2 protein chains.
Amino acid sequence: MPTPKLSREEVVHRLTRAFRAFGFDEASLAKLSDATGLGRSSLYHYFPEGKDQMARAVLDAARAWLADNLVVPVSAADTPADKMARAREALGRFYENGQAACFLELFALGGAQAAMGEAVAQDMRAVQGLFTSIAESAGHCGEDAKARGELALVVVQGALVVARGGGDVSVFERALARLPQILLD
Amino acid sequence: MPTPKLSREEVVHRLTRAFRAFGFDEASLAKLSDATGLGRSSLYHYFPEGKDQMARAVLDAARAWLADNLVVPVSAADTPADKMARAREALGRFYENGQAACFLELFALGGAQAAMGEAVAQDMRAVQGLFTSIAESAGHCGEDAKARGELALVVVQGALVVARGGGDVSVFERALARLPQILLD
DNA sequence: GTCTATAGGAAGATAGAC
DNA sequence: GTCTATCTTCCTATAGAC
């Protein structure tokens with residue numbers, strides 16, 4: 001059948017779900033095949049370089065999503081409180097309210113560390129920079145804003161870990177609720 | 001040679017280093033063999049049930065270490081500030097000042113999740129409970145102490161993630177330095 | 001208690017028909 | 001573009017000599 005079953009965008013979306021659910025190492029080609037509904041060979045048609053390329057595509061899509069849905073709205077907001085609200089809303093959606101793991105935990109710690117660790121680290125620094133800019137917009141400057149940005153990132157990442165580890169998603173909501181205090185007050 | 005090369009304790013210690021460095025999935029028996037200096041078959045002599053049993057032994061040893069070096073000293077301390085100082089010192093050693101990953105990230109997210117996720121979750125709740133008790137000893141009560149305990153755990157776990165992901169260990173030191181404010185003030 | 005050798009299976013990746 | 005079949009490699013685990 002020379003007609004594609006799925007758009008590349010949809011394939012990447014399904015791969016994202018699978019990588020988030022299983023992590024890099026555990027996401028075998030068999031599972032990726034199930035998750036996408038495509039045979040292994042079809043996946044290699046979309047991604048000739050194999051599993052690494054699939055993971056890179058997932059990371060690139062996540063970066064683009066964050067640029068559109070986090071960075072742009074926050075930058076466009078007028079007041080610090082508005083920036084904060086938009087960031088919180090975007091993060092809640094990105095992490096599916098704590099149900100979805102961060103790529104960092106999944107990629108930077110497993111077998112993908114060598115191949116993709118730097119890309120994930122860059123994204124993380126970008127989010128930290130955004131947090132710092134929100135703190136600066138609230139009147140905190142220099143080292144103080146930087147420390148607040150770092151703490152905000154730490155709290156978000158830690159909440160994802162604790163939520164998954166303890167099986168209690170509400171930890172993540174409470175962490176997001178703390179961000180205004182951390183960045184603005 | 002019917003004479004053991006290593007004590008079981010030393011074997012577990014070396015396994016701990018290997019599991020922390022590679023995670024559960026990536027710690028192949030070949031790597032565990034290298035890390036211990038024992039052949040694969042010798043490892044199976046110590047742990048007939050295989051890799052899962054090795055990981056359980058590592059977790060049990062970690063639990064015992066935390067009981068002796070974190071829980072007992074903190075419980076024995078007189079003042080809240082003293083409890084805090086002892087907890088901070090023990091956590092710094094347990095995580096090797098941020099260089100060592102938490103077992104949670106490594107075990108609860110990888111292939112060991114089904115087998116050992118609950119054990120790790122229990123340890124995590126125990127540490128959170130200890131944090132909460134420190135907050136209570138400082139005069140915070142009920143929900144407030146619980147919220148502080150949760151935030152402390154979130155910050156510690158998040159700092160480990162960010163430190164490893166960004167390659168900057170100093171994040172962890174700064175996180176530990178924030179604990180007194182989180183739990184006591 | 002340690003070793004060498006190997007069984008048995010699953011992984012990632014490829015070949016070629018349609 | 002998708003499929004079935006297969007290759008190679010690496011994995012966990014076991015068998016049996018010493």
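Computed from a predicted model, the values in this text were never measured in an experiment. For the numbers below, each heavy atom of this structure counts, side chains included, while hydrogens, waters and symmetry mates do not.
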Rounding to a whole Å, what distance do you find between B:Leu32:CG and D:dT12:P? 8 Å
Sequence neighbours excluded, the answer for side-chain hydrogen bond (donor to acceptor under 3.5 Å, both in side chains) partners of B:Arg56 is B:Glu49
Scan nucleotides 5-12 of chain C nucleotide by nucleotide, 5' to 3', and note B when protein non-hydrogen atoms come under 4.0 Å of the base, S if they reach only the sugar-phosphate, - if neither. ------SS
From CD (A:Glu10) to CG (A:Leu15), nearest 0.5 Å: 10.0 Å
Under the side-chain hydrogen bond (donor to acceptor under 3.5 Å, both in side chains) rule, collect the residues that match up with B:Arg17, sequence neighbours excluded. none
In whole Å, what is the span from the CG atom of A:Leu38 to the P atom of C:dA13? 16 Å
May I have all residue pairs that pass salt bridge (charged side-chain N to carboxylate O under 4.0 Å, His left out) and include part of residues 176-185 of chain A, sequence neighbours excluded? A:Arg178-B:Glu150
Results of ring-ring contact (aromatic ring centres under 6.0 Å, His included) for B:Phe131 - residues two or more places apart only: none
Sequence neighbours excluded, which residues qualify as ring-ring contact (aromatic ring centres under 6.0 Å, His included) partners of B:Tyr46? none
note: B:Leu43, atom CG; D:dC11, atom P; distance rounded to Å ~ 14 Å
Length of the line joining A:His45:NE2 and C:dA13:P, which is rounded to integer Å: 17 Å
